[in-house]
Every structure is written in C-alpha cells, then in structure tokens.
Amino acid sequence: MSLPPLPGQVAASHAGAAGRVWEWMDGWAGLAAWIDTDKLPTLVAIVVFGALMFVYQRRAKRGQEITIRRIAGLDAMDEAIGRATEMGRPVLYVPGIDEIKEIQTIYSMMILRHVARKTAEYGTDLIVPVRDSIVMTFAEEAVKGGCLDAGRPDAFVKDNIRYLSNEQFAYCAGVAGIMARERPAANIMLGMFFAESLILAETGFLSGAIQVAGTAKQHQLPFFVAACDYTIMGEEYFAVTAYLTREPNLLATIRAGDVIKIAAIVLLVLGIGLATVSAGEPGIQWVDVMRRSLGVSAGGGGDA
Amino acid sequence: MKREIPIALTVLCGLAIVWSFFTPSPYADAVNSELNTWALVFFSVAFLLGIGNLVRISLKQIAAGHADAVFKVVLLVVLFGYLGVGLLEIHQQRLGLFGSSEGRVVGLGGHGERALRDWIYRKSFVPLQATMFSLLAFYIASAAFRAFRARSLESTLLLAAGTIVMLGQVPLGDQLTGGLASRALAFLMVHVNGAGQTAIIIGATLGVLATGLRIVLGIERSYLSD
Amino acid sequence: MATLGDLDRRWIFLAMGLLVVGMYAAGVKADLPSSPYVDSFYRTVEELPPRSIVLLSADFDPASAAELLPMYTGVIHHLLARKLRIVNTATWPAAPPYIRQEFARIAPLYGAVYGEDWVELGFKPGDDVAMGIIAQSLQNAFPTESRDGRSYADVPLLREVGAGMQGIDLLVTMSAGYPGILEWIAQVGGRYDVPIVCGTTAVQTPDIFAFYPRQVRGFLGAATGATQYLQLVDEVTTDAGVTAIKEENQRRMQVQSWGHVLIIGLIVLGNVIYFRGKRAPR
Amino acid sequence: MIALIAPLVQEAAPVVSAPFFSLDPSGTPDVLGAWLISLFTLSVFSFLYRDNPFYKLAEHFFVGLSTAYFTLQYYEEGVLQPIYEWIHAAHATPEGALVNLGGLPIEPSTAIALRVGAGVFGLMLLFRMIRPNSWAPRWPLAIMVGVYAALKMTGETQSKFVILLGEQFNKALYDPAALSWSEATRIEQTGLYFTFARLVFITGLICALGHFMFTLKRTKGLQAVSRIGVITLMITFGSMFGFTVLGRIALLIERVNDLDRYTAPAYSLAAVDASGSGGSLLLTPPLLLGALIVALLALGAIQRRRPATPPPAAAGPG
C-alpha cells in the first residue's frame, strides 16, 4: 500500500454530476450552525441504532418471537455436562476473573444459572471457584436459582461456590488444585479473562476434561481455541446469554445489531464496487461523494 | 429518591457530552472540557478509595495471624513509605524541603522534583512488573507442548497462521524459508487479519453503542445496584 | 495422554531459559527485511517540513518498555534529526520518567532547546477523557509544563499550538494498551484532521491493521517493528547511540528467532505425540 | 557454567566504575540499584520453580509499591491540580481578567464555583467509606458513568464504525499504483496480486461480519458465509497468537539483557583495582544472588524429602 498523500487539495475539475453534488455538500457544510456536518453520519448511525433497539425491545416485550439461531457452543456445553454425568464426576464452572461491574461477569452469572439447572436435573456436582467476594454472592444466587428452576432446591451445595484468592496466579493455582483433586470431567470457562487463561486451559486439558471456553474480548481467544474443545467467540458470548435468558433488552440489541450489520454489508458491497470502478480516475467520483456522506473525506484526512 | 436523582444526573451529563460532541460552539467545548474534568476528579477519588480496601484486608490478615502475615507487613510498610516520600516531594515547595522555595523546585540532590520517587520506581517497580509479564513466555512454552492441539480445522488454521507469523517476524524465519515467511506474514496480516480485525471492531463498537445508549437514556440501571 | 502429563513443565521452563540465555550470550546480529507499515511510518515523518510540530505521547509503562522504549528513543532521534519540534505528553502514569530520561540524553546531541524545540507536559490521568481534553485544548489540559512549572503561555513552542490540535502536524504515540492508539483514533482521528502514526506492543499490533493505512498512516509492530525502524533511522542519524540500540535490538531478534523455533518445535512435537497416542490401539 | 557465562561479559566497554547510589536518571546505573534489580528479577523468576518466600516478598513489595505509585499520580493530577491549583490560579487572576475554560473565557468566580462544586461532589464520594450504601456517593458515580458512556459512545461510533466503513471506499485502496513501497517484491507489484489481495480482504470482512449474525434463518448461503468467516477469524486469532509469543519472549530477553548489564566488574563486591582488573564475576549481583536463591530453595527441597528428622529451628523456605 503506497502512502496516500497527506490532506491535499480536492482535484480542480469538479466535472460531472458527482462534482455538482460535491459542491452542494460544500455549501451545506457552513449552513447548520448548531451541528458539525462532518459528524452528521455518526448522529444518523446512533439515532437509527437507538430507534431499532427501541422498536425491537417493545416487540420482544409484547411477546413477539425474536429467534436466535442455535449457537454451536451451547451444544458443546450440554454435551460436556452430559459426559460428566455419565462418568459421575463434577462439572467445573469458572466465571472469569473480573469483578461484577464487568458486563461479561454479569452475563456469566446468567449462563451459570442455566448450567446449574442442568446439573441439578442430572444430579451432577457443580463447582464454581471465584476470585472476588462480591462475585461469590452473585454466583450463589445464580446456582440457587438454577436448582429452583430444576425443581430440586436440595441440589444446592453452598460449599461448592468457593472463594480461592483475589491474586491472579494464586487463583489459577487454586483452580489447578480442584482439577487435580476432584477431577471434574467438564470445564466451562465463560467471562472476562486475562493472561491466566493460558494456564487454566492448559491445566484443564491435562486433567482430561472436555473444555468449553468463551469470552467477548478477542485477546485471550487464541489460547482458548488452541487448548479447549470448543470456544464461544466474541459476540457469540452475548448471543448465548440472549438465547438462554430470552431477556427482551438483550434480544432487541442483538436483532438491532444484525440489521445494522446487514446495512453495513450492503454499503460495503456498493461502495467497494464504486471505488473499484473509479480507481485512479481523477476528479470527484460518486464514491467520493459516498465517502464524504460518511463524514470521512473531511475528518479522516482523505483526498479526492 | 435514591435512584431517580442519580439516573437523572447520568442522563443529563451523558446528553451534555453527546450535545457537545455534535455542536461546533465554544460553549459546547467548555461544557465538554468541564464535565471531563469532573469525571477525572471522581475517577481519582474513587481510586483513592480503593486503597482503603487493600489496607483493610491486609490488616485483617495480619491480625488473624495469616501464614503470609509478615509479607503483608512488608506490603503496608512499602505502601506508606512510598506514599510518604511522594507526598513530601509533591509538597516540597510549600514545605521548603530539599532546598526548594516558593517559586523554585530543586528536589533531592538537585535532581528535580521527583528524584527519589523515580529512583525507587526504576529500581523496583520496573524490574518487578517487567519480570512478572515475562513469566508468560515460559507458560506459553509449556502450554504449546502440552495443550495446543490441531484437533479441528479451526485450531489447525490458528496454529498454522501462528507459525507463519512467528517465522515471518524474525531473521531466522526468512533464512529458513528463503524470504517467503516475511512476505506471507505481510499478506496475512494486512489482508486476512485486517479483515478479521475490522469485523471484530465493528461488532465490538456496536456493543459499546448499545450499552452507551442504554446508560445515557437511563434504561440501564445495573451500575446503580452495587 | 499419560506421557504428556507426566513431563514436569519445569523442564520446558528450563529449556526456554537456557536457550534464551545461551543465544543471548552468543550475541549474533542479523539484518531484518522491512515491512510496508514500518516503511510508511518512516516516510510520514520524513515528509514533514522542518520546524513542523509533533505531539509525541508516551503511553507505556515498564512492562512494555522492553518493546516500546527502543522505538521511543529511535523516534526522538529521528524527529530531532529532521529539525522537527516535539510536544511531549503521557497518558500512562508510569511514562514521565522515560520522557525525562531520554530527552536529557538525546536533546543536547541535536542542540534542541527546551521550550523552543521541545517541551515536556507530563502525565494527564483520565484515559479517553484525558485524550479528549488534550485534543480539544492542550492549554486546558496542561496549564503549566511539567519540568520547570512555567505557565503554558510563557513557552514559545506552546504559543503556536491552539485549541483543537491547531498547529500540530503529526500525532505519534507509543502505545502499550488502554489508553493508547485505539483511543487516540477515537478522540482525535474522529474529530481533527491530524495524521496519526504509532508504535505498539506485540499483543496490540494485530488490532492496528484494521486502521492501516488510512486512520493510522504507519506503525511499528513489536520488537520486529522497532528493529526495522531503527535500521532506517540509523541511516539518517550519525549518533553512535542509535547504532548501539539498533545492534542491541538486532542481537535480541536473533535470540527471538530461537525462541520462536522452540515454541513451533514444541507445538509440532506435542501434536505428533498426541496423534500417535490417539491412533495406538487402546 | 563459567564458560557459558564468560562471553556475556565481553561488553563493548565494560563498566569499570559506578556510583554506589545516585539519583541521576541518565547516569550509569548505581550499584545499590543493581543489587535491588537483580534481587527482584531473580525472586520473581524463582516462582517458576515453585511458590517460595522470595517470590512472596517480591510480589507483596510490588503490590504495595504499585498501589502507592498510582495513588500519588492520581492525587497529584486528578485532585491537587484540577481543584487546589486551579482555584489558586483563578483566585490570583488580576481584576477584570478572564479565565480560559476549554477555549471559552469565563469569570474567575464562575471557574472557582465550578471546581468547588467538583470538590463537593468528590467529598460525597468519600461517604462510601463511612456508609457504603448511602445516597451521597451515587451522585458523583452517576455523573462519571454518564460522561464515560457518552464519551466512548460518540468517539468510537465515529472512528470505529462510520469512518472505519467509509475508509473502505477510499479510491487509493483500489488503485494498483498505490501498491509501490520501497521494498515490495516483484510479485507484490503485479495487478493480479493486488486484485487477489483485495478480494481476500473484502470476502473475509463480509463473511466475518456475516458470521456474527444471530437472528437470521440459517440458509445454505448463510452457512457458507459463516464458514468463510470462521476461517478468516481463525487466521486472525492465529496472528494474534504469533504476536503474543513475540511480545512475551521479547520481554524475557530484555530481562536477561538487564541482568547481563549488572555482571560488569563495577558492580562486583570485589573492588576493581586501578588497572581495571579484579571485580570477579561470581561476586556480581545477578550471579551471587542467583546462587543464594538456588541454594536456599535446594535446602528447602531436601528438607521436604526427609520428613523423619524434625525440621531444624530455621525451617527451610516453602
């Protein structure tokens, strides 16, 4: 990629229809004092996304079905719990190591409730090691709720929700100890992870357990994909939570996100087509008008 | 009462920032800059609160005769020792220490206002943090041998791409592959990784937009229940 | 899997440790081929007219100094050799000592005068918030410069920098994570017409490719990018210090090569044992 | 062992003299500092063998120091400067002069009132220490959450969604002449390579976006798109894996380089005589401390293996 010139001047010739639209946009720029026209597209994006979320949330609340496709990671989780039941060994659930204010930890609690319902139904032990005392209280609530959902409140074992340590590597040593002593047949690791994800995945692999891991941030995903049997990647993490909880807010956000992505893909195909056609053409082309309508040519130091 | 006012404040300040982002006027800039400074002050005060937590837990463990009690004492001595040195250096001008006076800062040994703090920082904080992170080189090596398996198409592609990137970054890689590795690296990074990262970033930004909208419009209440 | 589990991982630790120390002792140096994104970082600086003002932001800490300090030193030599003027800021609390330490050694080599050719504004807490304030009004962000405490208006160089990045011709950030290049893009790239280049740690480098070559004109990725850039800067500067850092980095890249070969070997060996174990009759 | 270490010492100009203690940041590193750096580095590395008192000491020292370090930074820049010094400066502005607030000149009295307000809200935050769930701390927290959410939402939507999409339509990206960089190989300059590369990028981007769609019916087409999307994402994660390995090993090499610097004669316990000889290697910080740590850990290991005899009074570490 050669280095496009620094913010140079627009080409002299404004010939053609595109040129006339370009000049009209120049005129328009100064008019609205109350808004910076370069940022108009961002305002449109925010308003459209907000409107979509609002519409879909109302529909979801009125019971209209928003179907989320079955996420492969969920099948892997159910298979792992099933195998643990067959072998009569516990399931280990690691809810990430971040505090409760991290959105992924809150969603991990919701998924934990679903897992707890399954293990209560199957009568399998569920061990939840945590790194933060506040997360421990939330985890207890989630597992208790799951056992109630399965109609077996007696299945809840308070001692299985264990606060190990709030120091990163000491927590890993604690989890490794549980893996060695109680030999869980399934390790489910969902939430926010940092550099220790590598150690947890390696220890889990060596203990012979089926491992399903998932996190929204992409930096730890390479180690999970390499060492675990199945990985729930990036936005799939939020989709799994929406699928399990059917919570209107979340369903609406995912549906709105899909619509925006479809629009982005259509825009991409159209824009790239135009750009390829007019690559190397001097003067203003329709693709430049399109770029400017996305507030790029001015803000992004672009050129004609 | 306990919930309505905080939510109103969140919505008010959030919308003020959004307004200042879109409006090209000096008043917008002033509002934006002042609200940013307020958020900065609260962020700093919240951080100072965090210290109380650490000191309380350490003191409780020392009192309970915890196995690592002596190390907790080391922690507190270092914490308050460095805080003392820092506060003396910050306020040396007013206190007339180390030769500093009202208008002039000299610092210990004439090496400026933060001489001792920076020395302790370079000789302890630097090696400790850098070495803690470098431990991961060993953990990756162990995991590479014992846990990274090409069990599916996905993990095979991942390990293959990782190998190309590892070879393409170093001189030996090019020597072994006759210059192919660094060219393959450039193609993979700019065209395949570039596309993957763009898609991930667009997805993540839509997530930030969704949570941001819910907070600024007052729909999201979870942060209040802590 | 019995064979793999029995191997105490400390033998692998020992292998990595001995390999790195051994290869480092050997001290072999080798030239690195360049990359398009390092080349465009270098050319973006070369194409700036003399006396242009560059905002250099140190956004790293000791853990990332191993990869970013060589780039930081290289870019200071490059900017001063090109007669450019530098405004220094930092959004990481652990960075200011590095600004002071590097400029104390390098500025005199190019006769750079404090207050006219370069100025040190110090650390600004608040992450994105701080960057928003810096871009929106440097004076509001730093009422006084941090070395002698002189007020903003008294510094000749700062008088040429107005609100909204007016007067800044290039933003260079050495970025270790959050806050860093991605937040500078959001706070500056999205609002003001200033080209941005950066240096990043290995872990963050893959993310930057999404913004290359438009929102980030060029960048130095990890130790490799640092070495490639120092090779380019060494040609335009005469200072022995740059050559020494370049050679030190080239020596490290040679050790890096063996580290990577070890990791690749371990992956291949681990998979061979795993798959042979799987096919062997139970 | 010595043979392996000996070449380490052949520095270009071996440091022969170094001050015992000096605060000068850019001078030759002082001897006291060399001992501290070597102790901390080797103590953290000893964790690779097993958790032991050396590592515990280093870790707790680190937690204490880093907490204090960041506290000072946030106290100085987040409390002292925006409130105390700002009010002090606003107070000292001469009569009739105005104060600059983000480019807008305002009355000093308003500037002071605003920052006093910030200070009051800051104090309300301190109430969390006394009564954690009182209403007072919620107000400043609410403001902070609102400001950060709005700041991220606007800035990121602009640069990481709208402009990131718009930049894909830049004509320069589709002009083969845009291919030339100084060392592009012959193949990379051909139009075919350029078209192939652009097609790979565009298909990868669209399919990866397509993979992260969850509410559409899973038609055959969407499954194929998702498949290509996953392949693109796996190569992306592979490159992140490669770069993480690069980064962590670079850090390890820098630590070795740092320790190597302190094996110079100037840092040895044995004094360096006038002719510059002496300062034997074994008494330099890294090697002496390294030997000490290994010896003590070995002692501990031996004791653990002999449970029969009662452990001596000074029980071994670990």
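By convention in this document, chain letters (A, B, ...) are assigned in the order of the sequence lines, proteins followed by strands, and residues within each chain are numbered from 1. Because the structure is predicted, anything quoted here is derived from the model rather than measured.
The aromatic rings of B/F187 and D/F196 sit parallel, their planes meeting at an angle under 30°, below the 60° perpendicular limit. Below 30°, between 30° and 60°, or above 60°: for D/F121 and B/W38 the angle between ring planes is between 30° and 60°, a tilted geometry.
Proximity of D/T41 to B/L128: side-chain heavy atoms (C-beta onward) are nowhere separated by under 4.5 Å.
In terms of modelled atom types and a separation under 3.5 Å, the side chain of B/T10 and the main chain of D/A142 share a donor-acceptor contact. Using modelled atom types, no side-chain atom of B/T23 and backbone atom of B/S25 make a donor-acceptor pair closer than 3.5 Å. No donor-acceptor pair closer than 3.5 Å links the side chain of B/E154 to the backbone N or O of D/I231. Without hydrogens or angle criteria, D/D30 side chain to D/G33 main chain gives a donor-acceptor distance under 3.5 Å.
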Original post:
Would B/N32 and B/W19 satisfy side chain to side chain donor-acceptor pair (under 3.5 Å), going step by step from the backbone distance to the final call?
Top reply: CA-CA 9 Å; B/N32 181 36; B/W19 168 72; over 6 Å; no
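Only the side chain of B/F138 comes within less than 4.5 Å of a heavy atom of chain D; its backbone N, CA, C and O stay farther away. Proximity to chain B involves both the backbone and the side chain of D/I143, based on heavy atoms less than 4.5 angstrom apart. Only the side chain of D/F47 comes within contact range of chain B, with heavy atoms under 4.5 Å apart. Contacts of D/L246 with chain B are made by side-chain atoms alone, with heavy-atom separations under 4.5 Å and no backbone atom involved. Heavy atoms of B/Y139 lying under 4.5 Å from chain D belong exclusively to its side chain. Proximity to chain D (any heavy atom under 4.5 Å) is restricted, for B/R117, to the side chain, taken from C-beta onward. When heavy atoms are compared at a cutoff of 4.5 Å, B/A8 does not approach chain D at all. Of the two parts of D/I106, neither the backbone nor the side chain holds a non-hydrogen atom closer than 4.5 Å to a non-hydrogen atom of chain B. Contact annotation for B/L213: both backbone and side-chain heavy atoms come within less than 4.5 Å of a heavy atom of chain D. For B/L83, the parts lying under 4.5 angstrom from a heavy atom of chain D are both the backbone and the side chain. Contact annotation for B/L35: both backbone and side-chain heavy atoms come within less than 4.5 Å of a heavy atom of chain D. Heavy atoms of D/M124 lying under 4.5 Å from chain B are absent altogether. Proximity to chain D (any heavy atom under 4.5 Å) is restricted, for B/I140, to the side chain, taken from C-beta onward. Residue B/V18 touches chain D through both its backbone and its side chain, counting heavy-atom pairs closer than 4.5 Å. With a 4.5 angstrom heavy-atom cutoff, D/I83 touches chain B only via side-chain atoms. Within the 4.5 angstrom heavy-atom criterion, only side-chain atoms of D/F21, from C-beta onward, approach chain B. At a 4.5 Å heavy-atom cutoff, the contact between D/E59 and chain B is made by backbone and side-chain atoms alike. Heavy atoms of D/V230 lying under 4.5 Å from chain B belong exclusively to its side chain. B/V192 touches chain D through backbone and side chain together, each having a heavy atom under 4.5 Å away. B/T37 touches chain D through its side chain: at least one heavy atom from C-beta onward sits under 4.5 Å away, while N, CA, C and O do not. Only the backbone of D/S22 comes within contact range of chain B, with heavy atoms under 4.5 Å apart. Looking at D/I235, the atoms closer than 4.5 Å to chain B (heavy atoms on both sides) sit in the backbone and in the side chain alike. Contact annotation for D/F237: both backbone and side-chain heavy atoms come within less than 4.5 Å of a heavy atom of chain B. D/L123 does not touch chain B: none of its heavy atoms, backbone or side chain, sits under 4.5 Å away. Both the backbone and the side chain of D/P29 come within contact range of chain B, judged by heavy atoms closer than 4.5 Å.
Here D/Y262 and D/W35 keep their ring centres 6.0 angstrom or further from each other. In this structure, D/F61 has its ring center no closer than 6.0 Å to that of B/Y82.
In this structure, a donor-acceptor pair under 3.5 Å is present between the side chains of B/S182 and B/D174. Looking only at atom types and distance, the side chain of B/S134 has no donor-acceptor partner in the side chain of B/T131 under 3.5 Å away. Between the side chains of B/H66 and B/K72, no donor-acceptor pair of N or O atoms lies under 3.5 Å.
B/Q129 CD to D/L251 CG: the interatomic distance, rounded to the nearest 0.5 Å, is 9.5 Å.
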